[in-house]
**Q** 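Next up is a structure, given as C-alpha cells.
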Amino acid sequence: MNLDVKKIAFIKLGKFLEQFSNTEIVKNNEVSHNDEFFSTFEGLMHQAVHHNGWFTLPEVTIAVKSWADALTKENIDTWTKAYDFNKEPLQKIGLILAGNIPLVGFHDFLCVLLSGNIAVIKLSSNDQKLLPTLANYLITIEPQFKDRIVFVKEKLEGFDAVIATGSNNTARYFDYYFSNVPNIIRKNRNSVAVLNGAESHDDLVALGKDVFTYYGLGCRNVSKLFVPRDYNFDAFYQGMFEYKEVIEYEKYSNNYDYNKAVFLMSEFKILDNGFLTIKEDKTYASPISSVFYEFYDTLEEVKERLQIDSEKIQCIVSNDLVEGSVRFGQTQTPQLWDYADNVDTLEFLLNL
C-alpha cells in the first residue's frame with residue numbers, strides 16, 4: 001500500500017474531524033462520505049458522557065480539534081519525511097489502548113497504519129465508541145485499510161509486536177506477558193511546570209489549560225509545580241480563576257470535596273480557592289482537583305531532579321527555564337512527532 005495513499009486518507013479524515021472541532025458543529029458538504037458518517041459521529045460526541053462520565057462534549061471537542069489540527073498535509077509530510085517507508089512490515093501489532101481521555105490511543109493507531117502494519121486493537125472499556133467509527137470512515141475513504149484494522153473484544157492473540165498503555169501495576173503484567181515479542185510498554189507519567197515568578201498573567205491562564213483540560217486525567221496534564229522558595233501563589237491562583245466553572249461539573253466537584261476532606265483530615269497544609277487545592281508534596285501524581293508543588297533554591301537543582309525522574313515525566317512546561325520544555329497552554333496539543341514517553345513509535349514499527 002503506497003504511503004501517499006495512506007496519507008491522503010488521513011488528511012481526508014482530518015477534514016472530516018474539522019467539522020466537529022469547534023463549539024458549534026458545522027457540516028461541510030464538500031467532505032467525503034458525510035451522508036454516511038456526519039450524523040453518527042455528531043451523535044457519538046453528544047452521547048460520549050453516557051459511556052464515560054468524564055467525556056463531556058467540551059472535552060471530546062478538544063480531543064477532536066487536536067486531531068483535526070494535526071492531520072493536515074503539511075504536518076503529515078513534515079513528520080513522515082524523516083523515515084524510510086520503502087518496505088511495509090505488515091506485522092500484526094497488538095494495541096492495548098488507555099481510556100483516560102478521548103481518542104488517547106489514536107496516535108498509536110495512526111503510526112501502525114502509516115508504517116504499513118496491521119492494527120489489532122483492544123479498546124479500553126472507557127473509550128469504545130469514537131475510534132471504531134473513525135476507523136470505519138477511514139476504511140470507507142480507502143478500502144485497502146479494511147484488512148489492516150481489527151478490533152478484538154476478548155483476549156489479544158496472534159500478534160507480532162505490542163504497544164500497551166496502562167498503569168505502573170498493569171505494566172508489570174504487560175512486561176511479563178509480552179516479553180517474547182517486540183514491545184513498547186507505557187506506564188504512569190505526569191507533567192510538571194517550572195515557574196520562577198516572572199510569568200505573566202496570560203502565561204498562568206494558559207497554564208490553567210495544562211492543568212484543567214480533560215479534568216486533569218491525562219499524562220500531559222500538569223499535576224506538579226516547581227516554584228522558588230519565596231513564591232507568592234496569588235498570581236498563580238489569579239490565572240487559575242479563569243477555570244472556576246470546572247467545579248460546576250458534578251464528577252469533578254465530588255472529587256474536589258473528597259480530596260480536600262482527605263487532606264484536611266490528614267492535617268496536611270493546603271491552599272484552596274474553592275475549586276483547586278495545592279499541596280506541598282515531593283511526588284508527581286496529584287489527585288483530581290489538586291496540584292502538588294515543591295520549592296526550589298536554584299534552577300540547577302530542578303534540572304537535576306527532572307533528569308533523575310525523567311521516566312516519571314511526560315512534559316515539562318516553562319518559559320524556556322528547562323531545555324525541551326513546552327510553552328504554557330500547549331501540553332494537550334502535541335505535534336505528530338511528539339512521541340509518548342519519548343519513544344519513537346514510528347521508527348519502532350518500521351523496523352520490525
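Since the structure is predicted, the reported quantities are computational estimates derived from the model, not experimental observations.
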**Q** For the pair Y243 and F212, name the ring-plane relationship: parallel under 30°, tilted 30 to 60°, perpendicular over 60°.
**A**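 If you compare the ring of Y243 with that of F212, the planes turn out parallel.
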**Q** Determine whether the aromatic ring centres of F106 and F109 lie less than 6.0 Å apart.
**A**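 Yes, ring centres under 6.0 Å apart.
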**Q** Applying ring-ring contact (aromatic ring centres under 6.0 Å, His included) as the test, list every pair that has at least one member in residues 315-336; sequence neighbours left out.
**A** none
**Q** Please check if atom NZ in K279 has more than 12 non-hydrogen atoms from other residues, nucleotides or ligands closer than 6.0 Å.
**A** yes
**Q** Not counting sequence neighbours, which residues clear ring-ring contact (aromatic ring centres under 6.0 Å, His included) with Y252? List them please.
**A** none
**Q** With sequence neighbours excluded, tell me which residues meet salt bridge (charged side-chain N to carboxylate O under 4.0 Å, His left out) with K209.
**A** none
**Q** For the residue pair N117 / S115, report whether a side-chain donor-acceptor contact shorter than 3.5 Å exists.
**A**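 A donor-acceptor contact under 3.5 Å links the two side chains.
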**Q** Between K27 and D35, is there a side-chain N and carboxylate O pair less than 4.0 Å apart?
**A**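 A salt bridge links K27 with D35.
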**Q** Which residues, ordered by chain and number, are linked to M265 in its hydrophobic cluster, where ILVMFWY side chains connect at heavy-atom gaps below 4.5 Å, directly or through other members?
**A**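 Via sub-4.5 Å side-chain contacts, M265 links to none.
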**Q** Evaluate the side-chain proximity of R189 to K312: yes if any heavy-atom separation is below 4.5 Å, no if none is.
**A**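 No, every pair of side-chain atoms sits at 4.5 Å or beyond.
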**Q** Tabulate below the donor-acceptor pairs under 3.5 Å that side-chain atoms of residues 233-240 make, not counting sequence neighbours, or state none.
**A**
unit_1: Y237; atom_1: OH; unit_2: L271; atom_2: O; d: 3.0
unit_1: Y237; atom_1: OH; unit_2: L276; atom_2: O; d: 2.9

**Q** How far apart are the C-alpha atoms of S200 and D203, what are their side-chain angles, what is the distance that settles it, and do they pass the side chain to side chain donor-acceptor pair (under 3.5 Å) test?
**A** CA-CA 5 Å; S200 69; D203 288 336; 3.3 Å; yes
**Q** Using links of under 4.5 Å between side-chain heavy atoms of ILVMFWY residues, direct or through other members, which residues join V322 in one cluster?
**A** V192, V194, F226, Y284, Y296, L299, V302, L306, I313, I316, L321
**Q** May I ask you to check if K224 and Y293 form a cation-pi contact, with NZ or CZ under 6.0 angstrom from the six-membered ring centre and within 45° of the axis?
**A** no
**Q** Do the non-hydrogen side-chain atoms of N259 and T277 ever get within less than 4.5 Å of each other?
**A** no
**Q** Looking at K187 and D341, is there a salt bridge between them, counting it only when a charged N and a carboxylate O are closer than 4.0 Å?
**A**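 No salt bridge links D341 with K187.
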**Q** Does atom CZ of F151 have more than 12 heavy-atom neighbours, drawn from other residues, nucleotides or ligands, at distances under 6.0 Å?
**A** yes
**Q** Sequence neighbours excluded and cut-off under 3.5 Å, please list the side-chain donor-acceptor pairs for residues 36-56, or say none.
**A**
unit_1: E36; atom_1: OE2; unit_2: H33; atom_2: ND1; d: 2.7
unit_1: N52; atom_1: OD1; unit_2: W54; atom_2: N; d: 3.0
unit_1: N52; atom_1: ND2; unit_2: N126; atom_2: O; d: 2.9

**Q** Going by an N to O cut-off under 4.0 Å, is there a salt bridge joining K81 and D77?
**A**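 Looking at D77 together with K81, the answer is no, because their closest N to O distance does not fall below 4.0 Å.
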**Q** Do D127 and S124 have side-chain atoms, one donor and one acceptor, less than 3.5 Å apart?
**A** no
**Q** Does N255 reach the main-chain N or O of S289 with its side chain, forming a donor-acceptor pair under 3.5 Å?
**A** no
**Q** Do NZ/NE/NH1/NH2 and the carboxylate oxygens of E157 and K92 come within less than 4.0 Å?
**A**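 Looking at E157 and K92, the cut-off is not met.
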**Q** Taking only residues two or more places apart in sequence or in another chain, which ones pass ring-ring contact (aromatic ring centres under 6.0 Å, His included) with F292?
**A** none
**Q** Using the side-chain contact (heavy atoms from CB on, under 4.5 Å) criterion, which residues pair with A285? Sequence neighbours excluded.
**A** N190
**Q** Can a donor-acceptor pair be found, under 3.5 Å and without considering hydrogens, that links the side chain of S290 to the backbone of S286?
**A**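 No, the answer is negative, given that no donor and acceptor are paired below the 3.5 Å cut-off.
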**Q** Verify side-chain contact (heavy atoms from CB on, under 4.5 Å) between V150 and I121, making sure each step is shown before the conclusion.
**A** CA-CA 6 Å; V150 180; I121 305 162; over 6 Å; no
**Q** Under a 3.5 Å distance rule, please check whether D210 uses its side chain to pair with a backbone N or O of N221 as donor and acceptor.
**A**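 Absent.
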**Q** Got a donor-acceptor contact below 3.5 angstrom from the E18 side chain to the F16 backbone?
**A** no
**Q** Rounded to the nearest 0.5 Å, what separation is found between the OG atom of S21 and the CD1 atom of I62?
**A** 11.5 Å
**Q** Under 30°, 30 to 60°, or over 60°: which ring-plane class applies to F145 and F10, parallel, tilted or perpendicular?
**A**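 Perpendicular, since the angle between the ring planes exceeds 60°.
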**Q** Output every pair passing salt bridge (Lys or Arg N to Asp or Glu O under 4.0 Å) with a member in residues 235-260, not counting sequence neighbours, ordered by first then second residue.
**A** K260-D272
**Q** Check which hydrophobic residues are tied to Y176 through side-chain heavy-atom contacts below 4.5 Å, counting indirect links as well, and list them.
**A** none
**Q** Which is it for L346 and L350 under the side-chain contact (heavy atoms from CB on, under 4.5 Å) test, yes or no, and what are the steps along the way?
**A** CA-CA 6 Å; L346 200 50; L350 286 167; 4.1 Å; yes
**Q** Quick one: list whatever passes salt bridge (charged side-chain N to carboxylate O under 4.0 Å, His left out) with D344, sequence neighbours left out.
**A** none
**Q** Strictly below 4.0 Å, N to O, side chains only: are R186 and D108 in salt-bridge contact?
**A**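 Here R186 pairs with D108 in a salt bridge, since their nearest N and O are under 4.0 Å apart.
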**Q** Got a sec: does the NZ of K15 have more than 12 other heavy atoms crowding it under 6.0 Å?
**A** no
**Q** Where do N351 and K87 land on the side-chain contact (heavy atoms from CB on, under 4.5 Å) test, with the steps shown first?
**A** CA-CA 9 Å; N351 289 308; K87 296 181 181 178; over 6 Å; no
